[in-house]
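Reckoned from all heavy atoms, side chains included, excluding hydrogens, waters and symmetry mates. Letters go in sequence order (proteins before strands), and every chain restarts at 1.
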Amino acid sequence: MGSHPIEPDGGSPGPDGGTPGTGRTDGVPAHQAAPAAGAHTAGTAARPAVDFTEVQEAEQFRELRKRHRSFVFPMAVAFLLWYFAYVLLADYAHEFMATPVFGNVNIGILLGLAQFVSTFAITMWYVSYANRRLDPIAANLRHELESAAPEAFSDPTGGKK
Amino acid sequence: MISPLTAGPFLPLQTTESTRVGEPWLNITIFGLFVAITLVIVLRASRNNKTAADYYAAGRSFTGPQNGTAIAGDYLSAASFLGIVGAIAINGYDGFLYSIGFLVAWLVALLLVAELLRNTGKFTMADVLSFRLQQRPVRIAAAITTLAVCFFYLLAQMAGAGGLVSLLLGIDDRVGQSLVIAVVGILMIIYVLIGGMKGTTWVQIIKAFLLITGAFIMTVWVLAIHDFNFSTLLGAAVETSGNAAITSPGLQYGLTGTTRLDFISLALALVFGTAALPHVLMRFYTVPTAKEARRSVVWAIWLIGAFYLFTLVLGYGASALIGAERILAAPGAVNSAAPLLAFELGGPLLLGLISAVAFATILAVVAGLTITAAASFAHDIYANVIRRGKVDPDGEVKVARRTVVVIGLLSILGGIGASGQNVAFLVALAFAVAASANLPTILYSLFWRKFNTQGAMWSMYGGLGSAILLIALSPVVSGGETSMIKGADFSIFPLNNPGIVSIPLAFFLGWLGTTLSKRTEDPLVQAEMEVRSLTGVGAEKAVDH
């Protein structure tokens with residue numbers, strides 16, 4: 001589905017194909033050892049250590065984070081400003097909003113519909129950006145990590161984690 | 001989904017002498033058909049409910065479009081259909097303002113929350129919030145805010161069911177309404193017990209499809225009557241109402257400085273609350289990959305946006321074809337705009353269909369809320385706090401099922417008790433609590449490396465406490481004509497919505513608590529959370545390949 005480049009680990013059985021359960025010989029229930037269920041287990045002997053700080057400092061990951069934040073933060077600020085400008089106009093500038101443009105349609109109606117248009121446009125813009133600029137790096141990192149330590153990322157209970 | 005603040009969709013119903021339209025038996029039959037069909041689907045869908053991931057997250061088996069439709073179903077409640085059409089029909093443009101707030105809010109979910117949260121968590125919001133902070137206190141706080149939002153929302157929906165039924169089925173007496181609330185509650189318990197997340201998701205998908213299709217047909221019909229010219233429709237609405245002001249803002253919120261401020265407060269709660277509603281957040285876990293989570297938000301945005309454009313036409317259509325006076329005189333007042341319009345257009349059959357859809361909507365929304373609350377209790381409070389993680393998933397699901405029954409019974413009792421009360425403010429409160437207690441901590445945990453446990457505690461409890469306290473001291477509870485408690489006045493806080501105070505306060509407390517705390521959280525876990533949230537490592541099903 002994605003357009004990620006060919007992964008270096010293409011020969012491995014697949015990201016989730018690691019032998020389920022083998023990482024937990026200490027009798028901890030799989031449920032508890034799942035990272036989301038217990039942050040204390042992270043980095044402990046409960047599962048093979050993946051050095052996430054190293055990943056966090058890696059060039060590829062920093063690039064991913066930069067690309068993500070440099071899109072979503074300015075965009076979030078922009079749409080919030082535009083929305084609240086509209087709310088303030090609707091709230092305090094009734095005369096202006098009632099200015100007729102054509103027929104019975106006035107500025108208020110047009111600005112309201114413009115909010116719909118901008119919402120749809122930002123949505124499509126983000127999707128195309130994420131597909132092109134974020135997904136390939138994320139998939140690459142994911143496959144690298146999962147092939148390096150398959151048992152750390154498999155969860156027999158849910159096919160996840 | 002939220003109600004107009006002053007003219008709530010579920011106002012106590014006047015049993016006036018006005019003409020009742022439609023055929024109650026026809027409405028009941030169509031609704032019965034919906035229940036029968038969805039029950040069969042729920043039964044079939046639940047065959048493979050084995051693990052906790054099956055029960056809470058539908059085995060992560062839904063596609064983006066399916067899940068997006070279900071999100072739209074969760075979001076478009078009966079109040080959003082009846083309430084917004086009615087608000088536009090009566091107050092014109094000011095009703096339209098709600099729709100815009102509801103829609104724009106989805107950008108917060110799309111850009112900042114949905115994918116990252118899905119990559120990090122497992123079943124509940126608390127999974128994410130407690131990921132890199134101290135487990136027990138954060139989990140308890142997150143579970144409490146989740147349960148609070150679900151409870152306020154459930155109560156409003158259940159109380160609304162009674163009012164809706166008297167409007168649509170012609171049952172006016174208290175006993176009959178209580179009986180209907182009980183039936184809704186029991187049906188809901190059955191759906192959630194048998195179907196789990198998979199079953200409730202299918203109910204949402206079917207209902208969203210029916211609701212949006214029904215609104216679409218009526219929209220085309222109204223436009224056809226007006227030569228497919230929106231300006232002509234506006235002209236007809238102005239002519240019927242005799243008030244040119246209905247096409248511009250101000251009729252409802254422009255009255256005084258306080259109402260204007262109130263609208264800003266509501267706008268804040270909508271925009272920041274939507275992305276932090278626990279039953280919406282939980283939906284992101286039912287898809288296999290982050291990409292599907294993104295697709296589902298995109299689908300939800302398109303469907304919800306289209307629906308709100310329909311309500312704009314329907315509201316002005318009701319205003320033009322029926323007129324505010326007749327709507328306000330009908331039982332259910334502002335809520336009756338959409339049903340009256342359906343009757344005007346398509347006679348008893350269309351009214352029956354629209355009524356059944358509205359009723360199905362309540363049923364599906366309460367089911368979605370109940371499974372969220374039950375998951376939070378069983379997964380967060382029981383499994384991780386009480387049993388400290390020493391419980392197998394089967395035991396956890398067993399507790400979740402029992403919780404469903406308890407919540408169902410509580411909401412039936414609460415719904416009967418609240419029926420006839422003006423509890424429309426509860427939905428607004430649910431948004432305000434989500435925006436103040438949940439969103440700051442979600443955003444800080446995802447994006448602020450230094451954020452720590454004390455910051456999360458202060459922000460969550462501060463946001464929850466201030467939102468509830470301000471609502472209790474507001475005119476919706478006491479001191480006004482439509483207040484819940486009549487004959488008393490302790491309304492010190494002038495606004496109906498606490499968002500304008502409680503949301504900035506919660507963000508500030510999160511920062512202050514973090515800065516004043518000496519504790520620094522484990523940087524390893526922070527790194528793990530950041531890497532997981534952005535790459536989805538370990539969280540993708542093998543389908544990605």
Side-chain angles (χ1 to χ4, degrees), chain A residues 1-2 14-17 29 31-32 34-40 42-43 52-53 55-56 61 64-65 68 72 75-76 79-80 83-84 87 90-92 94 97-98 102-106 108-109 112 115-116 119-120 122-123 126-127 130 135 138-139 141-142 145-146 153 157-161, chain B residues 51-53 57 60 93 96-97 100 103-104 106-108 110-112 120-122 127 130-132 135 230-231 234-235 238 247-250 253-254 260 263-264 267 271 291 294 298 301 305 309 384 389-390 392-393 523-525 527-528 530-531 534-542 544-545:
Chain A
M1 35 191 291
D16 275 0
H31 156 76
Q32 191 201 6
H40 344 272
F52 281 103
T53 29
V55 185
Q56 195 181 27
F61 181 79
L64 173 65
R65 186 176 55 197
H68 180 259
V72 299
M75 194 58 86
F79 89 77
L80 285 173
Y83 171 67
F84 280 105
V87 163
D91 219 10
Y92 293 97
H94 299 159
M97 296 295 254
F102 60 88
N104 297 298
V105 177
N106 55 33
I109 300 256
Q115 288 284 341
F116 280 75
T119 302
F120 291 146
I122 292 172
T123 302
Y126 172 69
V127 169
D135 282 356
L141 277 166
R142 194 163 62 233
L145 278 167
E146 284 172 351
F153 296 112
T157 60
K160 185 186 161 182
K161 310 236 160 93
Chain B
T51 65
R60 317 202 192 278
Y93 195 93
F96 184 41
L97 281 170
I100 293 170
L103 178 70
V104 171
W106 278 94
L107 289 177
V108 178
L110 177 73
L111 296 177
L112 301 175
T120 320
K122 200 172 180 215
D127 283 342
S130 63
F131 194 99
R132 65 184 177 91
Q135 276 284 304
F230 187 62
S231 174
L234 288 179
V238 169
T247 60
S248 54
Y253 284 110
R260 289 176 188 208
F263 180 70
I264 296 177
V271 148
K291 198 173 174 129
R294 184 187 310 144
V298 171
I301 286 176
L309 288 175
N384 281 298
K390 292 183 182 61
D392 60 287
L524 278 176
V525 198
E528 175 173 357
E530 193 171 287
V531 170
L534 278 169
T535 61
V537 64
E540 304 278 307
K541 263 194 170 180
D544 191 37
H545 216 286

Would you name the heavy atoms of B/Arg294 and A/Asp135 that are closest together and state the gap between them?
NH2-OD1, 2.9 Å

Yes or no on side-chain contact (heavy atoms from CB on, under 4.5 Å) for B/Leu110 and A/Ile122, after CA distance, side-chain angles and deciding distance?
CA-CA 10 Å; B/Leu110 177 73; A/Ile122 292 172; 5.7 Å; no

So, for A/Gln56 and B/Ala527, which heavy atoms are closest and what is the spacing to 0.1 Å?
OE1-CB, 3.2 Å

Of all the heavy-atom pairs spanning B/Ile301 and A/Phe120, show the shortest one and how long it is.
O-CE2, 3.6 Å

Does any heavy atom of chain A fall under 4.5 Å from the side chain of B/Leu534, the backbone, both, or neither of them?
both

With a 4.5 angstrom heavy-atom cut-off, which part of B/Val108 approaches chain A: side chain, backbone, both or neither?
both

Taking it one step at a time, do A/Val55 and B/Thr535 satisfy side-chain contact (heavy atoms from CB on, under 4.5 Å)?
CA-CA 11 Å; A/Val55 185; B/Thr535 61; over 6 Å; no

Flag, side chain of A/Tyr83 to backbone of B/Val104, donor-acceptor distance under 3.5 Å:
no

Show the numbers, then the answer: is there a side-chain contact (heavy atoms from CB on, under 4.5 Å) between B/Ile264 and A/Tyr92?
CA-CA 11 Å; B/Ile264 296 177; A/Tyr92 293 97; 3.8 Å; yes

At a heavy-atom distance under 4.5 Å, which candidate from A/Ala76, A/Gly103, A/Ala90 has the highest pair count against chain B?
A/Ala90

Please state whether the side chain, the backbone, both or neither of A/Asn106 comes within less than 4.5 Å of a heavy atom of chain B.
side chain

Greatest number of non-hydrogen atom pairs under 4.5 angstrom with chain B, of A/Thr123, A/Val87, A/Val105, A/Leu80, falls to A/Thr123

Non-hydrogen atoms of chain B under 4.5 Å away: do they reach the side chain of A/Tyr126, the backbone, both or neither?
side chain

Part of B/Val531 lying under 4.5 Å from any heavy atom of chain A:
both

Report which part of A/Leu141 has an atom under 4.5 Å of a heavy atom belonging to chain B: side chain, backbone, both, or neither.
side chain

Taking every heavy atom of B/Leu111 against every heavy atom of A/His68, the minimum-distance pair comes out as O-NE2, 4.1 Å

Would you say the side-chain atoms of A/Thr53 pair up with the backbone N or O of B/Leu524, donor to acceptor, closer than 3.5 Å?
no

